[in-house]
Amino acid sequence: MATVLWDAKGVILLDILPQGQCINAVRYCSTLDRLKEAIRRKRPGLLRRGVVLQHDNATPHSANLTQQWLQRYGWEILPHPAHSPDLAPSDFHLFGLLKRHLGGMAFETEDDLISELRNWFDNLDVDFFRVGINLLLSRLQKCINLHGDYVEK
């Protein structure tokens with residue numbers, strides 16, 4: 001499983017869960033630690049201005065341990081209605097294109113797959129990410145205007 005954490009400028013962190021492991025609150029907080037360090041390296045100043053995350057209400061995201069981590073660092077979470085992939089930029093903007101790219105490919109090793117993922121993300125134009133974030137804003141506004149009844153068709 002790959003967790004892709006990105007913003008309007010590109011991928012900040014690609015976190016690969018080793019085969020056979022499950023994501024839980026401890027692992028998710030470890031990912032947030034790596035994200036914090038990646039932000040420090042790639043987006044200097046963002047930690048001082050404030051980080052706003054958008055993630056769903058999955059158990060690792062809503063667990064007490066995760067909530068404590070987020071409070072400790074003062075990171076804000078955008079509200080995300082349950083079962084709303086139409087409001088998750090990775091679902092509506094990123095993963096479909098990635099699936100098409102990987103379709104039909106075969107990899108000798110997990111490392112080969114990870115290398116291909118990193119290469120693909122590195123070669124995406126920065127405008128791709130900006131458009132994805134802008135689409136999120138318009139989708140969120142539509143959801144607000146419809147009082148949460150937004151469903152992508």
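Numbers here are sequence positions counted from 1. In what follows, every heavy atom counts, from backbone to side chain, and hydrogens, waters and symmetry copies are set aside.
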Taking the side chain as every heavy atom from C-beta outward, state whether [X] and [Y] have any pair of such atoms under 4.5 Å apart.
X	Y	answer
L137	N134	yes
R27	T3	no
I114	R118	yes
L53	L35	yes

Please report the interatomic distance [atom1]([X]) to [atom2]([Y]), rounded to the nearest 0.5 Å.
X	Y	atom1	atom2	result
L135	R130	CG	CZ	10.0 Å
L65	N24	CG	CG	9.0 Å
K9	R43	NZ	CZ	6.0 Å
D112	L117	CG	CG	11.0 Å
H101	L124	NE2	CG	9.0 Å
T31	I23	OG1	CD1	4.5 Å

Open item on the list: Going by salt bridge (charged side-chain N to carboxylate O under 4.0 Å, His left out), name the residues that satisfy it together with E37, two or more places apart in sequence or in a different chain.
Closed with: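 Checked E37 against salt bridge (charged side-chain N to carboxylate O under 4.0 Å, His left out); matches are R40.
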- Message: Looking at D33 and K36, is any side-chain nitrogen of the basic one under 4.0 Å from a carboxylate oxygen of the acidic one?
- Response: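 Not counted as a salt bridge, because no side-chain N and carboxylate O are separated by less than 4.0 Å.
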* Asked: In this structure, are over 12 heavy atoms from other groups packed under 6.0 Å from R48 atom CZ?
  ->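 No, because the 6.0 Å sphere around CZ of R48 holds 12 heavy atoms or fewer from other groups.
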Q21 atom CD, neighbour heavy-atom count above 12 within 6.0 Å: yes
For side chain to side chain contact (heavy atoms under 4.5 Å, CB included), just list the numbers for L102 and W120, CA-CA rounded to whole Å, side-chain angles, deciding distance to a tenth of an Å, and then say yes or no.
CA-CA 10 Å; L102 294 175; W120 186 78; over 6 Å; no
Which heavy atom in [X] sits nearest to a heavy atom in [Y], and how many Å separate them?
X	Y	result
C29	T66	SG-CA, 3.6 Å
F121	F129	O-CZ, 4.3 Å
V52	L78	CG1-CG, 3.7 Å
I12	A38	O-CB, 3.5 Å

Give a yes or no on whether [X] and [Y] share a hydrophobic cluster (residues Ile, Leu, Val, Met, Phe, Trp, Tyr; joining criterion: side-chain heavy atoms under 4.5 Å apart).
X	Y	answer
I16	M1	no
Y73	V26	no
L32	L13	yes
L14	L98	yes
F95	V11	yes

query = When the aromatic ring centroids of F128 and H93 are compared, is their separation below 6.0 Å?
reply = yes
